[in-house]
Amino acid sequence: AFALTSNTTGWNNTANGTLALRYNTTGSNNIAVGFGALYLSTTASGNVAVGTSSLYNNTSGAWNNALGGSSLTANTSGSWNNAFGTAALQANTSGGVNTAFGDSALVGNTTGWSNTAFGANGLKSNITGSGNTAIGVYAGYRDTGTQFYTGAALQNSTAIGANAQVQASNSIVLGSVDTLTSVGVGITVPNNFLSVSPLDYQTGTATRTNSSATLVGTSTTWTAAMVGDIIVFADGTTNKVSAFTNATNITMGTTFSGTTDASPVYYRFHDVGLQVAV
């Protein structure tokens with residue numbers, strides 16, 4: 001009911017839902033699906049709104065995509081925004097070129113530009129800041145202890161990882177601060193706060209035996225130069241090359257206490273590299 005009832009010269013519009021595109025007059029190429037989607041839009045063009053009250057207050061903003069209830073609902077003139085998730089970019093009014101993926105991502109942003117949030121509640125506390133990036137649940141919003149919050153007007157800052165939050169402009173923060181996050185470069189299982197451990201060797205497979213420190217290789221050409229390397233197995237467990245026997249046998253630093261491998265498993269040898277402890 002009342003969908004597109006005010007349209008005069010607008011063309012290529014699609015409205016499905018009560019009050020969808022209710023006041024559109026000259027806007028074109030809009031798609032509104034859901035109760036009140038693009039409700040107040042009059043002259044805006046190129047918008048896609050799917051979900052109850054998505055882009056509800058938009059009047060002149062163009063080329064926005066809103067998918068999720070109340071996404072971009074306060075937007076009036078902001079353009080080129082992408083909001084995917086319930087309440088994503090909900091408070092945005094005139095900010096443009098923002099991208100929000102996840103429920104309540106960039107929910108408080110009003111006039112900030114060129115922000116990107118991937119993850120529920122990402123950059124939730126940003127209001128006027130621009131050029132910020134957050135990747136991960138609660139990234140760019142708050143830490144796990146809910147005591148420290150990312151600022152509302154930061155510029156060009158980046159927070160990566162669950163609960164990673166940044167409090168200075170032109171800065172990059174990796175991982176949560178109050179829940180210790182290890183950072184690995186070149187390795188899938190960081191052994192320290194910062195572990196830069198490039199790959200040394202991963203040819204063939206290897207077999208671990210319960211209560212034994214001997215690692216037996218299949219199609220391997222291990223050498224004495226690999227002593228000291230970190231071993232990372234495909235299941236995420238780690239060990240160390242303690243001694244070299246021959247191309248298919250090495251001694252690990254710790255006796256294997258798990259179940260004997262039913263068949264050879266994938267592994268990687270990593271150089272120790274740079275290690276920074278807490």
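- Applying the ring-ring contact (aromatic ring centres under 6.0 Å, His included) definition to pairs two or more places apart or across chains, those involving residues 248-278 are Trp222-Tyr267, Trp222-Phe269, Tyr267-Phe269.
- Distance check: Gln165 CD to Ser157 OG gives 11.0 Å after rounding to the nearest 0.5 Å.
- At distances below 3.5 Å, at least one donor-acceptor pair connects side-chain atoms of Asn30 with backbone N or O atoms of Ala44.
- With hydrogens and angles disregarded, no donor-acceptor distance shorter than 3.5 Å links the side chain of Asn210 to the backbone of Thr259.
- Partners of Thr73 under the side-chain hydrogen bond (donor to acceptor under 3.5 Å, both in side chains) rule, at least two apart in sequence or in another chain, do not exist in this structure.
- Using a 3.5 Å distance cut-off with no hydrogens or angles, the side chains of Ser28 and Trp11 do pair a donor with an acceptor.
- Scored by the salt bridge (charged side-chain N to carboxylate O under 4.0 Å, His left out) test, Asp261 finds Arg208 as partners (sequence neighbours excluded).
- Donor-acceptor pairing under 3.5 Å is lacking for the side chains of Asp143 and Asn163.
- Formation of a donor-acceptor pair under 3.5 Å by the Asn81 side chain with backbone atoms of Asn98 is found in this model.
- The backbone N or O of Ser176 sits less than 3.5 Å from a side-chain atom of Thr181, completing a donor-acceptor pair.
- Leu55 has its side chain within reach of Asn47: a pair of non-hydrogen atoms, C-beta onward, lies under 4.5 Å apart.
- Between Tyr141 and Tyr149, the two ring planes are perpendicular [angle over 60°; tilted spans 30° to 60°].
- In this structure, the side chain of Ser171 engages the main chain of Ser169 through a donor-acceptor pair within 3.5 Å.
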